[in-house]
Every structure is written in C-alpha cells, then in structure tokens.
Amino acid sequence: MLLPDPAASLAFAPEMAGVVEATGGVAYASLPLRTRTRDLGVLTVVWDEPQAFVPAEVEVLVAFAAQCSQALDRIQTREAELRSARQLTALAELALALGRAESVHELTATVVDRGLAVLGAQGGAVAVTDPDDPTTLRLVITEGLGAVAQQAYAVLALDGPMPVSIAARTRRPVVVHDAAESLALTPDMEQVMPDTGCQAWFALPLETGGRLVGALVVGWAEPQVFGAADSEVVVAFAAQAALALDRLQTRVAERTALTALAGTVEALQPSLLPEPPEPDHLEVSVRYLPAARQAQVGGDWYDSFLLSDGRTVLVIGDVTGHDSHAAAAMAQVRNVLRGVAHHSGGTPAEVLTGLDAAMRDLDIGTLATAVLATVEQTAADAARGARVLRWSNAGHPPPLLVQPDGSIEVLERPADLLLGVDPERSRHDHARELVPGSTVLLYTDGLIERRGVPLDDGVRWLGDLLSELRHLDLEELCDRVLGELAGPVDDDVALLAIRAHPEDRPRPPSAGPGRLPAEHSALR
C-alpha cells in the first residue's frame with residue numbers, strides 16, 4: 001500500500017486523519033512481511049514529505065521488506081526454539097520432581113506451580129475419585145486459585161458441569177478460552193471466575209494404561225489462545241502427572257495392604273514364636289528382630305519345649321523366603337517338628353530325620369536350615385551338677401558355647417544337609433557338656449551376615465562379643481547383641497540363648513521365675 005501524500009491517505013480511509021496527526025507523516029508505504037509458508041506482519045515506512053514512489057524506489061522498499069521478513073522469521077523461529085527448549089527443560093524437571101512427590105498435594109503444586117507456570121497459569125488442581133464414593137471428585141487446589149476456591153471447590157460431583165468434572169467423566173479435554181466461553185459452558189462459572197480469579201481453563205483426564213486415575217484442571221486470569229504448542233505442553237504435563245498419581249495411588253494401596261498384613265501377622269506372632277518354658281536352674285531367652293519391612297514375621301523362627309522324659313528341646317531355624325508365605329511355611333515346619341519330637345522321643349538327629357520325611361510326605365514345599373538341640377541330665381550328671389547339650393545341625397550356622405571364664409567354643413561339626421532336599425540322607429548327633437554358668441547361643445544368619453564379609457568373620461565377631469558380654473544377665477546379653485546391629489537389618493534375626501545356673505543354690509533373681517507347663521510341674 002503506497003500513500004504518496006495526505007490527500008491519498010485521507011482518500012484511502014478517513015481514519016488516516018488521526019494517524020497523520022499522531023505521526024506527523026505525509027507519505028506512507030506499507031508492505032507485507034511474509035515467507036513462503038506464513039505471514040509475519042506488516043512493514044510501514046513514514047515520510048515527512050510527499051513521495052513520488054518511482055519504480056526504483058518501490059523496488060528498494062520491496063527488497064527491504066524481504067530482508068526484514070527474513071530477519072523477523074529468524075527471530076521468531078529462534079524465539080520458538082527457545083520457548084520449546086524452555087518447555088522441554090520444564091518437562092524434564094517436572095518429571096524428576098514428580099518422581100519425588102510423596103502426596104497429591106506435592107504432585108499438584110509441582111505440576112501447576114513449577115510446570116504450567118511456563119504458560120502463565122495462575123493456578124490449578126488435581127482431582128481424584130473418592131474411594132468411598134465413585135460419583136465424587138476430591139480436588140487438591142493450589143494456592144494460586146485462592147483460599148475461597150480451596151474450600152468451595154474441594155469436592156465436586158463427577159456428573160457436574162465444571163470443566164474438571166466433564167474431563168474426568170468423558171475422558172476428553174475441555175478447553176475454555178475466556179469469560180464468554182466459561183459462561184457458555186455453565187452458568188455456575190459466573191461464581192467460579194471471581195472465586196478463582198480465572199476465566200480461561202484447560203482440563204484433561206489423567207489416564208495411564210487405559211485406566212482413569214484422576215483429572216487435571218488449570219486456570220488463567222487472562223483470555224488464552226492455546227496454540228498447538230501450548231496444548232502439547234499441557235498434554236505432556238498431564239501425562240507426567242497421570243504416571244505420578246498412579247504411582248502414589250499404588251503406593252497407598254500397598255501401604256494399606258501391608259498395614260493390614262502387619263496387623264494380622266502381629267496377631268499371629270505370639271502363636272508362631274511363643275514364650276519358652278524354663279525348667280528350674282536353666283534359663284532360656286529368645287529374641288526376634290524383623291527385617292526393615294512392615295510384615296513382622298518371616299521365615300526365621302525359634303522354639304523351645306519340654307519332652308515327657310524331662311529333656312528341654314531348643315530349636316532355631318530359617319525357612320527360605322522373607323514374606324507371609326515363608327511365615328506360613330515356617331509355622332508348618334515348626335508344628336510338624338513338635339509333633340515328631342513328642343511322638344518319637346528320639347535324639348535330635350532322629351527327630352530331624354523324621355521331620356524331613358514328614359515334610360516330603362505332607363508336601364511342605366520348602367527348604368529350611370535348623371539346629372535342634374536337647375538339654376539332658378542323667379542322675380550321674382545331676383550329682384556332678386552338669387548337663388549335656390546334644391544337637392544336630394541341618395545346614396545352619398553353628399551354635400556358640402560361652403564358658404564361665406569367657407572362652408568361646410564354636411560348636412561347629414560337619415553340618416548335615418538342610419531340610420527339604422533328601423529325607424534319606426543320614427544325620428548325626430553331637431554332644432557337649434554344659435558346666436554351671438555356661439551359656440549357649442543359637443541364632444539365624446541375619447545376625448552374622450554382612451555384605452562382602454565372610455561368614456567365618458561374622459561368627460568370630462559374635463564370639464568375641466559374647467565373651468565380652470558374658471558377665472551380663474541373659475536377657476540383657478541378648479538385648480546388647482541385637483543392639484550391636486546398627487540401623488535396620490537386611491534379614492530377619494532370631495536368637496535363642498540358654499544359661500545353665502548352678503543347681504546347688506537358688507535360681508538367680510535375674511533369671512526370673514521358672515516357667516513350666518502344668519503337666520511338667522514335677523520337673524521343678
């Protein structure tokens with residue numbers, strides 16, 4: 001458009017009078033700025049004197065406009081690239097931040113305040129279905145929408161007219177560009193706009209794996225155009241939010257299930273790991289330390305009971321696995337062992353052989369290690385004030401014997417095969433005299449196993465510790481041993497300790513009262 005003088009400008013449009021007065025211009029030339037694919041704008045040149053606009057001058061103007069078009073295209077392209085780079089950076093940072101979110105509140109603040117702030121969003125909310133009422137949405141609303149909105153719109157009906165309800169219900173995006181479209185969507189928006197300070201909205205369903213996990217709604221104070229690039233950013237952020245929300249909901253469900261399991265297992269624990277009997281002058285102490293997880297029982301176990309002939313049976317064992325299945329298998333093995341021991345009345349090796357056969361015949365499909373020991377005393381032993389520890393080892397860490405003078409003996413003999421492999425394999429008994437004041441510790445491998453440390457080193461460490469603590473009461477000794485395990489343990493730990501007190505003097509008060517089932521009261 002070429003306007004050589006004021007008359008031509010006024011003839012083109014009467015409104016040019018205001019332009020002439022404002023700019024002081026006399027002649028005007030307006031040329032389009034465009035590339036082959038798009039229009040960029042308009043270049044206007046103003047002169048303070050009339051112009052003839054001869055062909056040569058026009059050619060110069062056209063060439064100048066072409067140069068401006070190229071420069072403007074480069075600038076806009078660069079700005080678009082920078083904006084895209086900022087958005088990609090924001091998306092990457094958002095993904096990392098969402099991975100650390102521990103609640104829906106953190107997730108919402110991260111997506112809206114840290115993520116969609118690149119698009120100028122004032123605030124937003126993440127809506128999740130109420131588990132107690134699937135027809136209701138519960139919203140976590142950012143501070144950008146104000147305290148009034150946080151209270152007034154914390155709960156919405158899934159079948160309601162609000163953008164977030166429609167997006168969750170239809171699983172389709174809802175885009176509202178300005179106040180007029182907000183009111184056209186539902187008259188309820190007339191109150192929403194002053195409550196939130198927003199008139200433009202973008203709501204999307206949050207889905208993962210074809211499953212709806214919630215909805216995201218974002219608001220802007222000013223009217224919005226929502227170009228293709230902006231929509232892509234919102235959709236990308238929503239996809240990240242959906243993954244994070246699904247992770248949070250899965251974690252909550254797992255915690256709920258583990259809490260329920262922990263309660264069940266806690267109720268079962270007394271029956272699975274009972275208090276041991278304590279014949280007069282023989283003190284028995286037990287401990288169980290679960291690994292760092294919520295289920296309070298695994299495959300480790302201890303047991304102690306009396307046989308009709310007066311022998312005290314001591315058992316420490318470890319069923320493979322670290323979950324409720326291992327706990328169930330442990331209970332089976334423990335109960336079968338008790339039945340075999342009471343029925344057969346055999347030596348430890350004979351009882352373990354019978355247990356192995358019963359595990360096969362009863363189809364108890366598990367593997368286990370164990371040490372089974374008996375504390376025996378003949379009339380001759382009683383006259384000398386001594387007892388005999390007889391034991392058989394099925395692939396388990398060796399017991400430790402602490403003499404009254406602090407010397408340590410590792411009761412390590414060639415261990416027999418673990419339980420559940422070959423019931424026909426022969427097993428062996430071993431015996432060691434217990435003098436008054438001696439202590440024996442049976443334990444599971446969680447006590448001595450350390451990553452990168454040989455088991456023999458763990459056994460030596462435990463022996464040195466027991467020698468150092470031998471002067472303590474048995475209960476305190478067990479507490480101190482477990483206290484040496486710094487922080488949460490990787491594996492369950494079970495302990496069973498006995499101390500043989502002298503029989504020619506009263507039972508020490510520190511040992512507590514003797515505990516015997518009624519049918520064995522004659523053994524006191």
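In this text, all values refer to a predicted model and were calculated from it rather than measured experimentally.
In plain terms, the two heavy atoms of Ala500 and Leu282 that are nearest each other are CA-CD1, 4.2 Å. Counting all heavy atoms, side chain and backbone alike, Pro205 lies closest to Pro173 at CD-N, 4.1 Å. Taking every heavy atom of both residues into account, Ala497 and Leu441 meet most closely at CB-CD1, 3.8 Å. Of all the heavy atoms in Gln403 and Ser438, the pair that sits closest is OE1-CB, 4.1 Å. The minimum heavy-atom distance between Pro436 and Gly385, with the atom names listed, is CG-O, 3.0 Å. Smallest separation of non-hydrogen atoms from Pro277 and Phe305: CG-CA, 3.8 Å.
Electrostatic pairing of Arg287 and Asp479 counts as a salt bridge here, judged by a charged N lying under 4.0 Å from a carboxylate O. A salt bridge links Arg360 with Glu424; the closest basic N to acidic carboxylate O contact falls under 4.0 Å. Ion pairing of Arg334 with Asp303 is present here, as a side-chain N (NZ or NE/NH1/NH2) and a carboxylate O approach within less than 4.0 Å. The pair Arg387-Glu433 fails the salt-bridge criterion, with no side-chain N (NZ, NE, NH1 or NH2) lying under 4.0 Å from an Asp/Glu carboxylate O.
Asp457 places no side-chain N or O within donor-acceptor distance of the main-chain N or O of Val453, the cut-off being under 3.5 Å. Distance alone, capped at 3.5 Å, places no donor-acceptor pair between the Arg211 side chain and the Asp246 backbone. Distance alone, capped at 3.5 Å, is enough to place a donor-acceptor pair between the Glu350 side chain and the Thr347 backbone. At least one donor-acceptor pair under 3.5 Å links the side chain of Tyr443 to the backbone N or O of Pro398. Under a 3.5 Å cut-off, the side chain of Ser467 and the backbone N or O of Gly406 do form a donor-acceptor pair. Side chain of Arg171 to main chain of Leu206: no donor-acceptor pair is present (N/O by atom type, distance under 3.5 Å, no hydrogens or angles). The backbone N or O of Val213 lies less than 3.5 Å from no partner atom in the side chain of Glu207, so there is not a single donor-acceptor pair.
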Tell me, with the steps shown, if Leu495 and Val493 meet side chain to side chain contact (heavy atoms under 4.5 Å, CB included).
CA-CA 7 Å; Leu495 301 181; Val493 177; 4.2 Å; yes

Side chain to side chain contact (heavy atoms under 4.5 Å, CB included) between Leu314 and Leu372, worked out
CA-CA 6 Å; Leu314 312 171; Leu372 188 148; over 6 Å; no

With salt bridge (charged side-chain N to carboxylate O under 4.0 Å, His left out) as the test, would you mind laying out the steps for Arg427 and Asp356 before giving the verdict?
CA-CA 11 Å; Arg427 298 187 178 277; Asp356 215 356; 3.0 Å; yes

Criterion side chain to side chain contact (heavy atoms under 4.5 Å, CB included) on Leu411 and His430, from CA distance to verdict
CA-CA 9 Å; Leu411 301 182; His430 315 283; over 6 Å; no

Apply side chain to side chain contact (heavy atoms under 4.5 Å, CB included) to the pair Val128 and Leu137, showing each step before the final yes or no.
CA-CA 6 Å; Val128 295; Leu137 293 176; over 6 Å; no

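For the atom pair Leu418 CG and Thr369 OG1, the distance stands at 7.0 Å (nearest 0.5 Å). Put simply, NE2 on His281 and CD on Glu503 are 6.0 Å apart, with the number rounded to the nearest 0.5 Å. The distance from the CG atom of Asp133 to the CG atom of Leu158 is 9.5 Å, given to the nearest 0.5 Å. Rounding to the nearest 0.5 Å places CG of Leu156 at 11.5 Å from OG1 of Thr135. The CG atom of Leu466 lies 6.0 Å from the CG atom of Leu400; values are rounded to the nearest 0.5 Å. The distance from the OG1 atom of Thr374 to the CG atom of Asp309 is 8.5 Å, given to the nearest 0.5 Å.
In this structure, Arg450 satisfies the cation-pi test against Trp461, with its NZ or CZ atom closer than 6.0 Å to the six-membered ring centre and inside 45 degrees of the ring normal.
Within the 4.5 Å cutoff, the side chain of Val388 has no heavy atoms near those of the Arg432 side chain. Within the 4.5 Å cutoff, the side chain of Asp159 has heavy atoms near those of the Arg169 side chain. Annotation: side chain of Val235 is in contact with side chain of Leu204 (closest heavy-atom distance under 4.5 Å). Side-chain atoms of Val313 and Ser304, non-hydrogen and from C-beta on, never get closer than 4.5 Å to each other. By the 4.5 Å heavy-atom criterion applied to side chains, Val319 and Leu367 are not counted as neighbours. Between Ile498 and Val375, some side-chain heavy-atom pair lies under the 4.5 Å cut-off. Here the side chains of Thr353 and Pro423 are not in contact, with every heavy-atom distance at 4.5 Å or above. Val333 has its side chain within reach of Thr366: a pair of non-hydrogen atoms, C-beta onward, lies under 4.5 Å apart.
Environment of CZ in Arg480: sparse, with no more than 12 heavy atoms of neighbouring residues, nucleotides or ligands closer than 6.0 Å. Around the CZ atom of Arg384, the shell of radius 6.0 Å holds more than 12 heavy atoms that belong to other residues, nucleotides or ligands. When the shell of 6.0 Å around CZ of Arg425 is examined, it contains 12 or fewer heavy atoms from other residues, nucleotides or ligands.
No hydrogens or angles considered: a donor-acceptor pair under 3.5 Å links the side chains of Ser285 and Glu475. Inspection of the Glu143 and Gln150 side chains reveals no N or O donor paired with an N or O acceptor under 3.5 Å. Donor-acceptor pairing under 3.5 Å is lacking for the side chains of His396 and Asp318. Judged purely by distance below 3.5 Å, without hydrogens or angles, the side chains of Asp429 and Ser392 never pair a donor atom with an acceptor atom.
Looking at Asp300, Thr444, Asp492 one by one, the single match for side-chain hydrogen bond (donor to acceptor under 3.5 Å, both in side chains) with Tyr288 turns out to be Asp492. Partner Leu139 forms a side chain to side chain contact (heavy atoms under 4.5 Å, CB included) with one of Val164, Thr108, Val126 and no other, that one being Val164.
Shown here are the ring pair (Phe, Tyr, Trp, His ring centres under 6.0 Å) partners of Trp201, two or more places apart in sequence or in another chain: there are none.
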